[in-house]
Amino acid sequence: GESVGLHLPTLSVQEGDNSIINCAYSNSASDYFIWYKQESGKGPQFIIDIRSNMDKRQGQRVTVLLNKTVKHLSLQIAATQPGDSAVYFCAENKRMNTGFQKLVFGTGTRLLVSP
Amino acid sequence: AAGVIQSPRHLIKEKRETATLKCYPIPRHDTVYWYQQGPGQDPQFLISFYEKMQSDKGSIPDRFSAQQFSDYHSELNMSSLELGDSALYFCASSWMTSGSANEQFFGPGTRLTVL
C-alpha cells in the first residue's frame with residue numbers, strides 16, 4: 001500500500017540551531033510533495049512544496065530536499081525560532097486520473113525549540 | 001485575507017447521536033476536502049467535492065455523508081456516533097485551474113468529542 005512516513009516522532013533543538021525533519025515515501029510514482037506545519041489547535045499550514053522534477057527548493061528559512069533514488073525528502077529550517085515549535089507533516093499531493101487530488105499525510109514530527 | 005471557516009469549533013455528543021459539521025471555503029474556491037485527524041495521528045482524507053459533485057472518496061464510514069451546496073459550503077453529517085469518531089475534523093478548500101487542482105488551504109478544524 002501507499003505510505004508516507006516520518007522517521008522521528010519528536011525533534012528537540014536549541015533556538016538558533018538548524019532543524020532537519022525527514023520523511024520517506026513508498027510510491028516511486030509520487031511526483032508532488034508538500035510540507036505542512038500544524039500548531040496546537042490549528043489546521044495544517046502550507047510551508048513549502050516540491051515536485052519530482054526538482055531536487056531542492058528554498059523558501060524563507062526553509063529548504064526542502066528530494067532524493068528520488070531513495071524516496072526520501074527532508075525539510076530544513078534555518079535558525080530555528082520558538083515560533084517554529086509545531087508538528088510538521090510531509091504529504092503527497094496524490095493526483096487522481098480525474099485531475100482531482102487528495103493529500104496523503106505521513107506521521108507528524110513534533111519540533112520543540114528551546115530558548 | 002479570508003480563510004476557510006468551520007463551525008462549530010467544538011462539539012460534544014453522546015454515542016449514537018448525530019452531528020453536522022459545516023465548512024465555508026475561501027471565496028471563489030470550488031473544491032472542498034474533508035479530513036479526520038485522531039489524537040496524535042496524521043490527517044486522513046475522507047471525501048472531496050468539486051462544483052457540488054463528489055470528486056473523490058477516502059476512508060469515510062458509511063455512517064457519514066457529506067455534500068456541497070450551491071454556495072460551495074459543505075456539510076459533513078455523522079450519524080450513530082461512536083467513541084472512535086472523536087477527532088479533529090478539518091475542511092480544506094482549493095480551486096481548479098485547467099482541470100488541475102491547486103493548493104489546499106485548511107480551516108481551523110472542528111473538535112468532536114463523543115462521550
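Just so it is clear, the values below take in all heavy atoms, side chains as well, and ignore hydrogens, waters and symmetry mates. Source: prediction; values computed, not measured. Chain naming here is simple, since letters A, B, ... match the order of the sequence lines and numbering starts at 1 in each.
- Atom CD1 of B/I26 and atom OG1 of B/T31 lie 12.0 Å apart (nearest 0.5 Å).
- Neither the backbone nor the side chain of B/F105 comes within less than 4.5 Å of any heavy atom of chain A.
- In this structure, B/Q104 and B/F90 have side chains that are not in contact, with every pair of non-hydrogen atoms separated by 4.5 Å or more.
- Contact of B/R111 with chain A is not made at all, since no heavy-atom distance falls under 4.5 Å.
- Residues B/P108 and B/R9 meet the side-chain proximity criterion, which asks for heavy atoms closer than 4.5 Å.
- Contacts between A/Q38 and chain B at a heavy-atom distance below 4.5 Å involve the side chain alone, from C-beta outward.
- When heavy atoms are compared at a cutoff of 4.5 Å, B/Q37 approaches chain A solely by way of its side chain, counted from C-beta outward.
- B/F64 and B/F45 are not part of a single hydrophobic cluster, where members link through side-chain heavy atoms under 4.5 Å apart.
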